[in-house]
Amino acid sequence: MAHDAPQATGPSKLVIRNIGLLLSGALERPILDADTIVAENGRITAIGRFKDVNTEGATTVVDAHGTTVAPGLIDSHVHPVAGDWTPRQNQINWIDSYLHGGVTTMISAGEVHMPGRPRDVVGLKAMAIFAQRAFWTLRPGGVKVHAGAPVIECEMVEDDFKELAAAGVKLLGEVGLGGVKDGPTARKMVGWARKYGIQSTIHTGGPSIPGSGLIDKDVVLEADTDVVGHINGGHTALPDDQIRCICEGCKRGLELVHNGNERSALFTLRIAREMGDLNRVILGTDAPAGSGVQPLGILRMVSMLSSLGDLPAELAFCLATGNTARMRELDCGIIEVGRSADFVLMDKAQHSPGKNILESVQLGDLPGIGMTIIDGIVRTQRSRNTPPAGKVPEIVIGH
Ligand SMILES: [Zn+2]
């Protein structure tokens, strides 16, 4: 296992050929008619038929052997702490395990599990800047962890947000986990954050653990964060009528998490679809947490929403890729020229009853992952965590 630096050394050219099904991650066109992807120096440079694209000079060639290629999955809601260790359940290598579940990018919703987490303004700013730096420098298994998400406290002033932004902080931790729990204060600080280019999210629903509190629809709508964090609760969800009010009362991101209420997630999905707002729905795990760590959590959400929510699987994958990338302004998440070459290669799990991967996911099964690629570099081959797939890709040139 490698703790890779952000970039590969030297020029590189990756070719993935014999792709059986290409999922784009974009809702408006979820399936692409192509069997080959070319990526140079970590960015996608061509997508098309093998005979039509320039594959010469490849440093790595992957034969997909008819498997499905999708953008690497994005977990919109994690709570990282220090490298690949979480004190919440005292586990190591949890991020590497997520990579084996197809997750190539993670967004911190606050480093709240840091033992002795400082709550004074100087201390919380220092910790946010430290976390942003630390996870930028160290990528467990190559996974891109966007961290450094301070939990706001009532004593903060506008200059604190300006200073955080200037230091490279781009996210707020969940509003409500700190001392700010009322609508007017939250709205004021979220506004300051937005003014300096810092994205925000909020803890929606009942308390997650002893010590945290209720955030109801009035606070969520007044705070007006960019993302309505775990609208299906973390763990306790708001009543359905309040979830409906939030969906209809704003145009912000609607985040569904694994560690929430699954029935409320399906309810939110239905409302978003009725409103024609499926593009607002994004997925996370909200792990590590009391419910533990779920290496397959994003795949499980895709499968759960597709099967129980009657959502075509190719669209369900968009909720975990392109939707999140667009909302979070990431350069990955969609198979498109110019974007980051972050992929997951998978196939229908052995013995799943569906006739292909999409049908098997719609029947509620998980796919088997055969390979992950980040920045055009193969990071893992056959997953140690998913069920084994029928077909697996193979590296035919390179390593
Ligand atoms: Zn939360």
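Both ligands and their constituent atoms are indexed starting at 1 by order of listing.
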Side-chain H-bond candidate by donor/acceptor type, [X] with [Y], under 3.5 Å:
{"X": "Arg300", "Y": "His258", "answer": "yes"}
{"X": "Thr380", "Y": "Thr372", "answer": "yes"}
{"X": "Asn90", "Y": "Trp85", "answer": "yes"}

Notebook entry, point to check: How about Lys181: does its NZ atom have over 12 heavy atoms from other parts shown lying under 6.0 Å from it?
Noted result: yes

Next item on the list: Indicate yes or no: does Asp365 engage Lys348 in a salt bridge with an N to O separation below 4.0 Å.
Entry: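 Looking at Lys348 together with Asp365, the answer is no, because their closest N to O distance does not fall below 4.0 Å.
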
Next item on the list: Measure distances from the Zn ion (ligand 1) and count the protein N, O or S atoms below 2.8 Å.
Entry: 3

Notebook entry, point to check: Which residue pairs satisfy the salt bridge (charged side-chain N to carboxylate O under 4.0 Å, His left out) criterion with at least one member in residues 257-266, sequence neighbours excluded?
Noted result: Asp240-Arg263

